[in-house]
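Have a look at the structure below before the remarks.
Heavy atoms only: backbone and side chains are in, while hydrogens, waters and symmetry mates are out.
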Amino acid sequence: MSTSRAICSLSALSLLGCVQRPPAGGGQSGEEYDQAAWQPCVEAGRSPISAGAVAPNGVRIDDVVAAVNGSARLPFVWVDGSSTTLQLSLGTGADGVWVDMEPNTGGGADTGPSPAIEPADTGAGAAEECPDWLELDLQLGFFTDDGAFAEDRALKMQVFADGVGAFSTTLPLAELSGAWAPTEGREGFDPGAWDEVELSITGAKGLGDAFGTVSAQASRVNGEGPEGTAEAALFDVATWGSGAAR
């Protein structure tokens, strides 16, 4: 999937919005850009939740910790069908934060261009369109047998009413501990054709095996001055865990 002159903002589980962005570098758009103003949901507040407690969405923190903590060897399948094995470890504590979300009513005609994608009207009401969540600290170990990934990262995990912990992290190539590098033959794009490449690892863990994806975001500036345009594209890299494509 490719996008041109657009930027999309993603949470672990939902599309928050996609808005036009002025060209990077020397280009000028003639428009003011305020991404925050066009996000459909915003934080209304945060409150601590301790071990043994039940979050307002009915999720018991201790149950989440018991389901998430641990390690496993899982299938890891590259986009071209070749495969290796992933050693995944997840660790979280029993103290968290309850994040209260509400619809963003702060947007207006004077805050910037209209969003290219509007939140879907599900008919379920604002409370379900902007679900609250339990947030926990997560230590992620992500090591593949082929040496492509050897990542040990601290990040945040979101837990919604289904009790599944969702997590995502974005890493510039220069910050990777493993040896992964995109190739045109396997990932389908030439990294030399882009100014910047970042990697995203996304996953989820409930009562069953963890699963997730790896993708790459590439960006570049075409041209200079007022005619310059910014371009971005998203490339599939791999699937892993119980949902790994074979």
Side-chain angles (χ1 to χ4, degrees), residues 9-17 36 39-76 86-105 119-120 122 124-144 149-171 175 177 199-215 239-244:
S9 178
L10 298 174
S11 73
L13 291 182
S14 62
L15 180 68
L16 294 183
Q39 289 186 350
C41 301
V42 294
E43 283 191 18
R46 287 174 165 253
S47 54
I49 298 184
S50 301
V54 178
N57 61 1
V59 172
R60 186 180 300 274
I61 293 183
D62 293 354
D63 291 344
V64 174
V65 173
V68 169
N69 282 354
S71 61
R73 290 181 63 79
L74 302 169
F76 186 100
L86 170 69
Q87 178 68 43
L88 179 77
S89 64
L90 300 172
T92 187
D95 291 314
V97 176
W98 179 250
V99 181
D100 181 24
M101 301 294 290
E102 65 180 17
N104 185 2
T105 59
T122 63
E128 293 190 17
E129 291 175 5
C130 296
D132 306 326
W133 70 77
L134 171 66
E135 182 177 282
L136 298 173
D137 292 331
L138 181 70
Q139 192 67 36
L140 169 68
F142 199 86
F143 297 80
T144 54
F149 298 105
E151 315 311 313
D152 189 4
R153 304 284 169 173
L155 54 149
K156 301 294 183 180
M157 179 174 65
Q158 295 175 317
V159 186
F160 294 90
D162 59 5
V164 175
F167 56 90
S168 181
T169 183
T170 300
L171 305 168
E175 295 182 10
S177 299
L199 196 76
S200 286
I201 299 172
T202 300
K205 177 68 172 74
L207 293 177
D209 286 340
F211 61 93
T213 62
V214 181
S215 60
T239 54
W240 56 269
S242 60

(request) Taking all heavy atoms of C130 and all of P40, pick out the closest pair and write down the distance. (result) SG-O, 3.9 Å
(request) Find the distance between CH2 (W133) and CD (E43) and round it off to the nearest 0.5 Å. (result) 6.0 Å
(request) Kindly indicate whether the side chain of E135, heavy atoms from C-beta on, has any atom under 4.5 Å from the side chain of M157. (result) no
(message) Would you say that V59 contacts I61 through its side chain, given a criterion of any heavy-atom pair below 4.5 Å between the two side chains?
(response) no
(request) Taking the side chain as every heavy atom from C-beta outward, state whether V68 and L138 have any pair of such atoms under 4.5 Å apart. (result) yes
(message) Testing the basics here: between A94 and D62, what is the closest heavy-atom pair and its distance to 0.1 Å?
(response) CB-OD1, 4.0 Å
(message) I'd like to check W240 versus L88 (side-chain heavy atoms, cut-off strictly below 4.5 Å). Are they in contact?
(response) yes
(request) Indicate yes or no: at least one non-hydrogen side-chain atom of P56 is less than 4.5 angstrom from one of I49. (result) yes
(message) If you compare all heavy atoms of K205 against all heavy atoms of G208, which two are closest, and at what distance to 0.1 Å?
(response) NZ-O, 2.9 Å
(request) State, without any angle test, whether S200 and T170 hold a side-chain donor-acceptor pair at a distance under 3.5 Å. (result) yes
(message) Please report the interatomic distance CG(L207) to CG(D162), rounded to the nearest 0.5 Å.
(response) 10.0 Å
(message) Let me confirm one number: the CG-CD distance from D132 to E102, rounded to the nearest 0.5 Å.
(response) 9.5 Å
(message) Could you report the tightest heavy-atom contact between V159 and G165, atom names first, then the distance?
(response) CG2-CA, 4.0 Å
(request) Could you pull out the closest heavy-atom pair between S177 and A150, with the gap in Å? (result) CB-O, 3.1 Å
(message) With heavy-atom distances below 4.5 Å as the criterion, would you say the side chains of F149 and L199 are in contact?
(response) yes
(request) Please confirm whether the backbone N or O of G141 pairs with a side-chain atom of D152, one donor and one acceptor, at under 3.5 Å? (result) no
(request) Return yes if a side-chain donor-acceptor contact under 3.5 Å exists between T202 and S168, otherwise no. (result) yes
(message) Given 3.5 Å as the limit, does a donor-acceptor pair link the side chain of N104 with the main chain of C41, or not?
(response) no
(message) Whether the side chain of T92 engages the backbone of D137 through a donor-acceptor N/O pair (distance < 3.5 Å, no angle test) should be reported.
(response) yes
(message) Treating E151 as the side-chain partner and L140 as the backbone partner, does any N or O pair qualify as donor plus acceptor under 3.5 Å?
(response) no
(message) To the closest 0.5 Å, what do you measure between CD (E129) and CE (M101)?
(response) 12.5 Å
(request) Measure from the side-chain N and O atoms of D95 to the backbone N and O of A51, and report whether any donor-acceptor pair falls under 3.5 Å. (result) yes
(request) Just say parallel, tilted or perpendicular for the rings of F142 and F76, cut-offs at 30° and 60°. (result) perpendicular
(message) Looking at K156 and F167, would you say the former's side chain and the latter's main chain have a donor-acceptor pair under 3.5 Å?
(response) no
(request) Heavy atoms only: give me the nearest A210-L74 pair and the separation to one decimal. (result) O-CD1, 4.0 Å
